[in-house]
Amino acid sequence: MILPLSFYTKKTVTVAQALLGTVLVHDTAEGRAAGRIVETEAYLFENDPACHAHRGKTPRNAVMFGPPGHAYIYFIYGMYYCFNVVTAPEGVGEAVLIRALEPLDGIELMKRRRGTSELKNLCSGPGKLVLALGLRPDQNGASLLSGPLTIWTPESFNAPRPKKSDIVSTPRIGINRGADLPLRFYLKGHPFASRRCSVSKR
DNA sequence: GACCAGATTGTCT
DNA sequence: GACAATCTGGTCA
């Protein structure tokens, strides 16, 4: 079953945790690629200087201010894209960054797209999973409720539904502002989560 | 395994 | 003109 709109209208932090264990699916002409979400980060409208929406609406972040249940895909560091799920009511700029997947379906396709055969290296980072799933910048703003890009319940893929006690929260990764907020969530001890946990770097 | 530099470009100040 | 919600490949141990 595809996650309904009501899934995305809850509080952003709640959605970020509830997304763990669900399955992100992308159907293309090349075939289906799907993975279980094992790591997310929440980006909030208020009191969160790391959020793109924090300084108001711009052409780039406009999708974050749109209706929930849509994809926000943006370009970063000159060569990568990040995939987010828009949450919060229309007019409020919040989203959940999908940071890592456990590959489930279309693994050969993912390996080809990523140019590696190492399973753990296919989707263990926000830039990597965008490549592995074949997401493109023109998917920015696409609905996740129908169409080629969707998110499914764990049961749809016979995947386990995580318990509350399996979810760990830590500070987010790769940001400077708001780096102390514990808005990153991942499944405890999961081998497919992205590396670089809490290294101090400048 | 840990740490560091480089790649590369859209976006906002 | 600086910087960014990153990744890869190098060096050193």
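In what follows, every heavy atom counts, from backbone to side chain, and hydrogens, waters and symmetry copies are set aside. Given the structure is predicted, the values throughout are model-derived calculations rather than measurements. By convention in this document, chain letters (A, B, ...) are assigned in the order of the sequence lines, proteins followed by strands, and residues within each chain are numbered from 1.
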Subject >> Between C:dC3 (C1') and A:I175 (CD1): distance, integer Å >> reply: 15 Å
**OP:** Look at A:E30 together with A:R113 and state whether they make a salt bridge at an N to O cut-off of under 4.0 Å.
**Re:** yes
Subject >> Atom-to-atom span, CD1 of A:I173 to C1' of C:dT6 - whole angstrom >> reply: 11 Å
Original post:
Which of these nucleotides, C:dT8, C:dA5, B:dC12, is closest to any side-chain atom of A:Y77?
Top reply: C:dA5
Original post:
Any ion pair linking A:E41 and A:R99 (charged N to carboxylate O, less than 4.0 Å)?
Top reply: yes
Subject >> C:dC3: pairing nucleotide in any strand, Watson-Crick or G-U under 3.5 angstrom >> reply: B:dG10
Subject >> Whole-Å gap separating P (C:dA5) and CE (A:M79) >> reply: 15 Å
Original post:
How close or far is atom P of C:dG9 from atom CG of A:N121, stated in whole angstroms?
Top reply: 9 Å
**OP:** For the side chain of A:P126, starting at C-beta, report the closest nucleotide among C:dA4, B:dT13, C:dC7.
**Re:** C:dC7
**OP:** Would you please confirm or rule out a distance under 4.0 Å between OP1 or OP2 of C:dT6 and any side-chain N or O of A:R99?
**Re:** yes
Original post:
Just how far, in rounded Å, is P of B:dG10 from CZ of A:R60?
Top reply: 12 Å
Subject >> Integer-rounded Å distance: B:dC12 C1' and A:F75 CZ >> reply: 16 Å
Original post:
Starting at CD1 of A:I76 and ending at P of B:dG6, how long is that distance when rounded to a whole Å?
Top reply: 20 Å
**OP:** Could you check how far CG of A:L44 sits from C1' of C:dA5, rounded to whole Å?
**Re:** 13 Å
Original post:
Are OP1 or OP2 of C:dT8 and a side-chain N or O of A:R114 less than 4.0 angstrom apart?
Top reply: yes
Original post:
At under 4.0 Å, does any side-chain N or O of A:N84 touch on OP1 or OP2 of C:dA5?
Top reply: no
Original post:
If you measure only the distance, is there a donor-acceptor pair under 3.5 Å linking the side chains of A:Y43 and A:H54?
Top reply: no
**OP:** Salt-bridge test for A:D27 and A:R32: reply yes if a basic N is under 4.0 Å from a carboxylate O, no otherwise.
**Re:** yes
Subject >> Validation row, ring centre A:Y72 to ring centre A:Y74 under 6.0 Å >> reply: yes
**OP:** Return the stacking result for C:dT6 and A:Y80: yes when the ring centres lie under 5.5 Å apart and the planes under 30°, no otherwise.
**Re:** no
Original post:
For A:Y43 and C:dA5, do the ring centres fall under 5.5 Å apart while the planes stay under 30° apart?
Top reply: yes
Original post:
C:dA5 base to A:Y74 side chain: any donor-acceptor pair below 3.5 Å?
Top reply: yes
